[in-house]
Amino acid sequence: MFDNVWLIPLFPLLGFLINGLFGKKIKNEAVIGGIGTLAIFGSFLVSCGILMEMISRTPENRVFEKVLFPWIHCGNFKADMAFLLDPLSVVMIMVVTGVGSLIHLYSIGYMHGEEGFYRFFSYLNLFCMSMLLLVLGSNMLVMFIGWEGVGLCSYLLIGYYFHKKSAGDAAKKAFVMNRVGDFGFLVGLFTLYWWLGDNANVWTINFMEIKKAAHLLPYGGVVTVATLCFFVGATGKSAQIPLFTWLPDAMEGPTPVSALIHAATMVTAGVYMIGRMSFVFIKSPDTMMVIAVVGAATAIFAATIGTAQNDIKRVLAYSTVSQLGFMFLAMGTGAFAAGIFHLMTHAFFKACLFLGSGSVIHAMHYALHHAHSHDDAQDMRNMGGLRKSMPITFITFLVSTIAIAGIPGFSGFFSKDEILWQAFSNPYHGNLNIVLWGIGAIAACFTAFYMFRLVFMTFYGDCRINAKAKGHLHESPLVITIPLMVLGFLAAVGGYIGLPKLIGELFGGIPNYFELWLEPVFEQAQEYGHHYAASGAPHNAALEWGLMGGSVVIALVGITIAFTMYIKNRDLPGKFTSTFPALHRAVYNKWYIDELYDFLFVNPCKSLGNFLWKGFDVLVVDGIVNGVAAVVKGGSGAFRYTATGYVHNYAFVMAAGTVAILGYYIFR
Amino acid sequence: MLSLHHYLILSGILFSIGALGVLIRRNAIVIFMCIELMLNAVNLTFIAFSRYLGNIDGQIFVFFVMTVAAAEAAVGLALMIAFYKNRGSIDVEDINLMKL
Amino acid sequence: MDYILSLITFIPLAGVLLLLVMPRNNALLRGVALAVSLITFIASISLICEFKSIADYQFVENIPWIAAGSFRMNYHVGIDGISLWLVILTTFIMPIAILSTWTAVEEKVKEYMICLLLLQVGMLGAFISLDLFLFYIFWELMLIPMYFIIGIWGGKNRIYAAVKFFIYTMVGSLLMLVAIMYLYFKAGAGDFDISRFYGLGLDPGTQTWLFLAFALAFAIKVPMFPFHTWLPDAHTEAPTAGSVILAAVLLKMGTYGFVRFAMPLFPDATARFTPLIATLSVIGIVYASLVAMMQEDVKKLVAYSSVAHLGFVMIGLFALNQQGIAGGMLQMINHGISTGALFLIVGFIYERRHTRLISDFGGLSKQMPIFATIFMIVTFSSVGLPGTNGFVGEFLVLLGGFESKLRLWTILASSGVILSAVYMLWMFQRVMFGELSNPKNQVLKDLNGREIAIMTPLIIMIFVMGIYPKPFIDKMTPSIEKLIVQSKQKQVASVVLPPMNMAIQEMPAGHPALPTGHPVEAK
Amino acid sequence: MPEILFFSLVAGVAIISSILVVAMRNPINCALSLIMSFFCMATLYVMLDAPFMAATQVIVYAGAIMVLIVFVIMLLNMRTETSKNYVHGVLVGCIVAVLTLFVISGFLTKSPLTGATGSMTPELITKVGHTELIGRAMFSQFLLPFEITSILLLVAIVGSVILAKRKL
Amino acid sequence: MELALPQMNFLTIMPETVLSVVAMALLLVNVLVKSKEKAYLGYLSLAGLVGALFTIPWGQKISGFEEMVLQDNFSSFFSVIFILCAVMTILICDGYFKKEGCNHGELYPLILFATVGMMFMAKATDLMTVFLGLEILSVALYVLAGFNRDNVKSNEAGLKYFLLGAFSTGFLLYGMALIYGATGTTKIAKIALAAQNGAVSGNMMFLVGMLLMATGFSFKIAAAPFHMWTPDVYEGAPTPITAFMSAGPKAAGFAAFLRVFIIALPSLTVQWSDLLWILAVLTMTTGNIIALSQDNIKRMLAYSSIAHAGYALVGFTAHNASGVSGILFYLLSYTFMNIGAFAIITIIGKKGEANNNVQDYAGLGVKRPVLALCLAIFLFSLAGIPPTAGFIGKFYLFAGAVQQGYIWLAIIGVLNSAASVYYYLRVMVYMYMKTPEEDFNWVKLTPAVALCIIIAVAGVLIPGIIPNSVLNLAAISLP
């Protein structure tokens with residue numbers, strides 16, 4: 001089965017080609033959607049096969065590399081088109097193909113009747129292919145193809161409604177910010193490649209070979225430089241501070257896109273990349289700290305913004321940013337498995353949330369459309385009380401919300417709790433750990449708050465929708481709800497494969513299967529980590545229980561606040577905003593980060609460009625060129641007046657010339 | 001004793017006067033006369049050299065210079081006449097249809 | 001097939017003669033020109049087939065040409081891995097160029113086609129010349145047809161652009177001519193065969209001056225900052241075919257000149273000027289990108305992007321290692337393909353709307369989906385998206401640069417990766433996205449068969465080179481190795497090698513700083 | 001001494017008449033001054049033991065050429081030159097002339113006669129006669145130039161005819 | 001005392017003799033045959049020229065008439081240039097002079113005499129012969145320049161040329177006198193011999209003589225600052241005569257200049273190469289710079305011819321084999337390209353020298369593509385762009401300079417070349433890139449003119465592509 005790994009990206013590629021080239025002619029949405037969905041579903045099946053085979057192998061034999069064809073061979077540089085199968089990539093392909101299949105299915109319903117239906121599916125397939133390349137790549141360059149490829153697809157899909165200017169802007173912003181990250185990725189790659197080659201004569205970018213040579217790398221130093229660069233790449237892709245602003249804007253794309261790309265898969269690429277190169281990252285304590293801090297900061301920062309948004313998808317977007325922050329916090333504290341675990345559970349519940357919101361929007365849109373109302377179908381202020389008309393959506397949404405809020409028993413609880421616990425207890429950052437944990441906990445509280453705020457505003461209370469549209473509200477079709485249900489189910493139970501040890505022991509020593517599964521991948525990293533590990537907090541069961549309980553309490557607090565503000569006492573939010581108008585405005589406007597970036601980078605670049613063009617290029621450079629020409633021509637114009645036409649003047653010049661020559665020779 | 005230099009200086013002076021005339025006179029014929037003066041100065045040089053070198057070549061040269069001067073005079077004056085016919089003047093300030 | 005190179009080079013000339021005697025039937029003239037260029041292309045395919053991946057010059061012809069006075073000039077041609085692909089690029093682009101202005105040029109078709117074919121002779125000749133004098137002849141020969149192409153069939157400001165192009169290029173190349181003469185006399189009696197000048201062991205002072213003279217000529221052609229201002233003008237005014245050829249091939253003359261002549265001939269000077277050239281290249285990249293960002297005219301934008309792209313090429317070449325040069329060479333070809341394609345695209349919309357101002361467009365995607373797709377692919381190729389050709393070249397360039405002494409420059413240059421995305425996508429967005437508000441744009445027709453036929457080979461090449469660049473790299477590798485040896489021979493000899501492979505110890509725990517004093521040039 | 005005195009006299013007259021050529025307003029006066037100057041030249045030629053050249057000078061220059069010039073002056077009915085706006089021209093001319101003078105006299109006085117001296121001593125001239133010497137040289141050594149001169153004259157004749165003849 | 005006649009080696013002056021005889025015969029024929037049509041005189045003179053071409057001996061070095069002339073390859077090469085120049089001029093004369101209404105038969109003999117004068121200049125080995133040859137040429141040119149005697153511009157050209165020419169003759173002669181005084185001889189070989197004596201070569205008189213002679217020759221080749229006459233005279237003279245003047249006499253001037261300076265004054269090489277360096281720079285720069293702003297195409301070509309003299313002076317400054325053979329090659333090519341260009345100007349120009357502005361060429365490329373192409377070829381050759389003879393010539397000239405170590409001179413030269421491109425391109429801009437304002441229906445391409453243009457194109461392109469034979473010829477024709 002392993003040998004057939006190339007089929008995984010191939011199916012979506014075929015889907016992309018078929019739909020892209022012939023989709024316009026096919027016209028039949030069922031066929032197009034079918035092709036798209038089957039393509040990724042095929043990959044899913046292959047992935048399942050691979051998973052099975054891998055489970056059946058011993059942990060030592062779970063690494064497999066498949067070279068498809070040589071790609072760039074140049075001097076000592078070698079990059080093959082090759083795929084790497086190991087427990088980590090298998091987790092990823094399962095998530096990508098699994099969630100991807102569901103979202104494809106969902107899209108058939110959601111995108112029904114859209115212009116360019118075929119385009120959507122071909123892009124979606126292309127995305128899946130890129131994402132699969134990213135996770136399967138056996139060297140950094142193949143990963144980079146996927147890395148940029150998902151950026152491209154994200155660009156294409158965000159800009160799907162290209163006739164909307166905001167969509168185009170958002171798409172461009174996403175791509176450019178991703179590019180900034182890619183720049184970091186590339187520099188990191190170069191640094192690593194050059195240093196290893198130059199100093200250790202290991203010229204490689206292959207993950208496994210680097211892994212083998214990782215012992216040659218120093219702690220800190222050049223590794224810090226390289227990993228920080230990689231991390232810049234990760235921040236771009238995974239929307240971390242400072243490159244996060246594109247993700248909320250990316251909600252301009254169709255909702256399935258948000259679900260697939262901007263929640264479940266692409267944005268987690270940064271996390272995956274750090275996991276993939278954990279053995280390098282961990283060699284730089286500084287980088288690890290930076291990652292942890294940035295992750296925690298992003299988690300809390302995005303969470304605060306999320307509390308004030310009214311657009312249903314934007315809330316989810318900030319929630320995504322925030323959750324990604326959690327993942328980075330995990331990576332930064334050395335809890336690689338936990339990070340990946342959260343990645344997976346997050347994929348389930350966030351996809352479900354997005355799809356649910358999509359379902360809501362779809363219904364709203366339909367209703368508003370039929371009522372000829374121009375209200376915003378995504379504004380939660382126009383919703384409310386939807387639980388009655390859309391029960392399935394509501395239930396799945398609620399389950400996922402509970403999951404993300406971290407209520408015990410649901411997947412999010414396990415993963416988030418694991419992260420918080422490890423942030424607290426992992427022995428890398430000394431006292432900073434407690435701060436990190438604190439931030440994480442507060443962010444979790446915020447998460448619970450804004451997520452329930454979302455649920456309450458959307459599904460509870462009075463129906464605030466345009467009265468005329470009310471009658472048109474109804475549940476989405478099956479093709480939409482089936483994925484919701486599956487994802488909702490996964491969001492609920494997905495966490496049980498990674499039960500915390502503590503709880504596992506409670507149930508008769510069920511191990512943390514997930515951690516066990518990934519153990520061979522991160523083993524080496526942990527080993528390196530011990531080199532500089534200080535003694536963290538004591539690994540104390542009571543403490544862990546305490547913290548676990550704490551986080552549950554925190555989540556409940558958040559929910560309670562949301563309940564108070566949006567169900568019980570509806571004028572509280574208004575009071576709150578009028579009490580702290582500045583704060584609210586700042587939060588509502590995302591802390592003015594976009595404006596700050598405009599001020600710091602975009603506008604200076606534009607004015608610099610303008611200056612360089614009109615001021616420097618035209619005036620100075622071309623001015624010099626034209627100036628020389630003008631001087632010569634001017635000289636010409638002036639010197640031509642020496643030709644006065646008078647013989648005596650000519651004779652004078654001759655005589656003067658003669659005299660000058662004579663004078664020069666006689667008196668020199 | 002008269003030396004070569006007497007003659008050379010004299011011819012130099014004459015040559016300069018001729019050249020000066022060319023530069024400052026406006027009448028083409030006068031200019032031509034000044035040129036003749038220059039040629040004569042040269043002739044004087046030639047003959048002086050010829051005498052002091054004891055070499056006849058210089059004198060022969062002068063002979064040819066004279067011939068040339070005559071030929072030039074003929075052609076030059078013909079040109080002036082032609083020009084005068086068309087323009088009614090042989091003032092060099094009027095010989096400036098073509099300039100710049 | 002000993003004379004295959006001459007055959008390829010002079011088939012277009014035969015075409016010129018044929019065209020000269022043909023009646024003024026536009027369709028026929030176009031057809032013949034296209035046929036000639038296609039025949040040339042097909043003939044050139046045989047080069048790839050028979051080319052052996054060795055460092056030597058192949059298909060060499062060496063015929064005495066001028067032998068008078070103290071000079072010996074030979075008709076000495078041949079190609080190696082470096083010139084092979086440029087020759088192919090030239091023959092490949094030519095039919096496309098001819099097709100591109102199939103309908104746009106209605107006047108003086110005969111002269112137009114003659115100019116195009118003559119241009120091809122010049123370009124091919126310059127790429128295959130192994131005799132400096134012959135090279136110079138072809139180098140200059142290219143100017144004339146290009147001058148006419150811009151000047152006769154160009155836009156409003158064409159005369160200014162044409163004259164600027166001509167004189168600008170001329171100044172540089174004439175100084176190079178003086179340098180060629182000097183070099184010749186330095187080498188002593190003999191011919192102008194370049195291999196005779198390699199390894200001449202000139203003293204560094206002489207090398208400096210000669211290098212400067214050569215470099216000026218090539219830098220103008222490349223064009224490197226600050227000698228670039230002729231390019232936007234020339235590109236903007238030239239007809240589509242002119243722009244395509246200019247971008248695809250003529251600019252490569254400059255970079256090719258560096259690789260073939262300036263660097264191996266003057267190794268010391270190359271070492272000395274590497275920082276300068278790298279600095280200028282980096283400035284060029286950033287500067288041109290920023291300027292491109294603000295352009296209002298699509299063609300000008302693409303022209304400035306050329307400056308940036310060629311900055312990458314220069315960085316790669318002066319990295320002087322396998323990756324850098326291979327990347328530079330690939331990037332030359334890539335740039336030829338993708339920027340050529342961009343100019344074609346601009347040509348398509350210009351033919352339809354007779355404007356190139358970005359603000360006149362918007363929302364074209366809706367009206368012209370095929371065009372949008374192609375445009376998008378080309379844009380991303382130009383941006384250097386992995387999977388397209390642009391990436392491979394750019395990546396290798398940066399990798400090579402990073403490995404060499406030019407690390408800092410390379411990092412700065414990498415920012416061009418971001419900037420290129422900014423300006424290209426912004427342009428793309430403004431042209432293709434948004435509301436289709438302009439009524440004139442609402443009636444635009446999508447690409448027709450001919451236009452699709454033009455773009456198809458380019459699109460194919462974009463992907464082929466992006467996904468499977470190995471054959472391209474493999475063919476040029478031995479030549480590049482030889483080039484590196486030639487360009488470094490003096491440096492290696494004069495610089496005491498730092499100890500190789502400093503013992504790599506396991507660094508102790510803690511945060512050791514970056515180990516100082518790496519052997520930077522330990523290759 | 002008397003030689004020098006005589007030379008000075010003749011030279012003075014020559015210079016003065018030359019200056020007059022330049023200075024006189026009326027072309028006829030200029031022409032007459034020039035003839036005067038030519039006569040002085042002829043005198044000097046005699047002093048330089050070149051009587052034949054002196055004769056030729058008088059015949060060709062003072063005779064033929066000057067007659068031609070005067071004839072043309074009369075033909076063109078030339079008026080006196082008006083002296084307008086010529087100050088700068090005079091100035092410029094003077095500067096040049098002074099410089100020339102300075103330069104020429106400067107180097108001439110400093111330069112010795114370095115060429116190989118020939119056999120044509122005054123004694124020989126007196127013995128053989130200047131005319132014969134010239135004649136012999138002209139028809140032997142300088143035969144070709146002499147013949148060339150004929151072409152020159154032919155050209156001049158044809159040229160002046162073509163230019164000046166009223167109707168061809 | 002016997003009259004010892006000199007060795008009269010007529011072989012040395014064969015072509016001159018033939019031409020003189022033909023010219024004189026033509027004068028007679030012209031008088032005897034009463035016909036308005038004068039073209040036959042042209043054909044006769046062509047026959048004479050071609051005949052003379054065949055009497056030019058090659059590969060021999062014969063001194064004749066008491067070392068007055070020397071028949072060697074150098075003179076033969078130049079004779080070929082002169083004859084070609086005369087042939088091409090005569091080919092374009094008939095149409096032009098008919099158009100201008102001054103179709104006098106004396107034209108052809110005068111051209112032939114001028115050619116004879118030039119040939120004497122090229123083979124002269126005595127200052128006297130140099131001077132006389134130069135005077136025959138000059139006198140004939142004075143007349144030719146003013147040949148269109150009813151046209152005041154032509155008169156003016158003749159008169160200006162005459163006055164300034166005579167003025168410069170004064171300097172030249174003074175120089176010769178001083179050289180004579182310093183060395184005691186006028187024979188070039190003997191001057192060189194005498195100059196081996198340190199006293200002579202250190203003599204100020206000798207140096208000043210050299211300088212004055214240089215100014216005299218500079219006038220003839222139109223080197224700055226002795227170039228002032230050139231534009232006015234070229235503009236005013238009848239166009240075919242301008243063509244003739246721009247090529248032949250310049251070559252003749254160079255011939256004499258080269259012979260005298262290289263053979264007679266090697267002891268002053270340092271001094272005169274310095275001088276020529278300056279002259280070359282001045283000449284190139286002045287010519288090119290001022291040409292940039294000229295509208296009248298004849299005037300523009302006049303300035304360009306000044307610049308070209310500058311390029312040739314670069315080779316002269318180098319005075320090595322490549323430089324001098326470069327001069328020879330260049331002058332030959334220049335003859336072709338310049339007369340070719342003038343041939344086209346001749347037929348484009350309307351009566352009374354109207355229509356000679358660059359602007360009047362607008363649209364020529366459309367209306368008369370072949371003519372325009374030919375003109376373009378000539379102009380590209382003048383600009384020194386391969387594959388034309390102009391390029392090869394320039395290459396040899398500048399290479400000579402480089403070889404001799406005059407790098408800066410070569411650099412200034414090429415920069416000048418680059419500047420010159422502008423005004424040549426300007427013509428091309430009008431021809432090809434501007435819309436025509438009028439038809440060129442008055443343009444009549446007679447067979448003679450066509451032949452001239454064909455010769456010129458061949459003379460520009462063939463040596464441009466396969467220059468070997470001409471270069472080799474030039475290489476064995478050094479003085």
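These values consider heavy atoms only, across backbone and side chains, with no hydrogens, waters or symmetry-generated copies. Residue numbering restarts at 1 for every chain, and letters A, B, ... go by the order of the sequence lines. Please read all numbers here as calculations on a predicted model, not as lab measurements.
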Open item on the list: For the NZ atom on A:Lys633, are there more than 12 heavy atoms of other groups (residues, nucleotides or ligands in this structure) within a distance under 6.0 Å?
Closed with: no
Task: Among B:Leu23, B:Ile24, B:Val22, side-chain contact (heavy atoms from CB on, under 4.5 Å) partner for A:Phe652 - done: B:Leu23
Open item on the list: Tell me whether A:Phe599 at atom CZ has more than 12 heavy atoms from other residues, nucleotides or ligands lying less than 6.0 Å away.
Closed with: no
Task: More than 12 heavy atoms from other groups under 6.0 Å of OH on A:Tyr597 - done: yes
Task: Contacting moiety of A:Ala655, where chain B heavy atoms sit under 4.5 Å - done: side chain
Task: A:Glu595 atom CD: more than 12 heavy-atom contacts under 6.0 Å - done: yes
Task: Inter-residue atom distance B:Glu93.CD - A:Thr644.OG1, 0.5 Å rounding - done: 10.0 Å
TODO: Return the minimal non-hydrogen interatomic distance between A:Val647 and B:Val92, and the atom names on each side.
DONE: CB-CG1, 4.2 Å
- [ ] Rounded to the nearest 0.5 Å, what's the gap from CZ on B:Arg25 to NE2 on A:His648? Could you check?
- [x] 12.0 Å
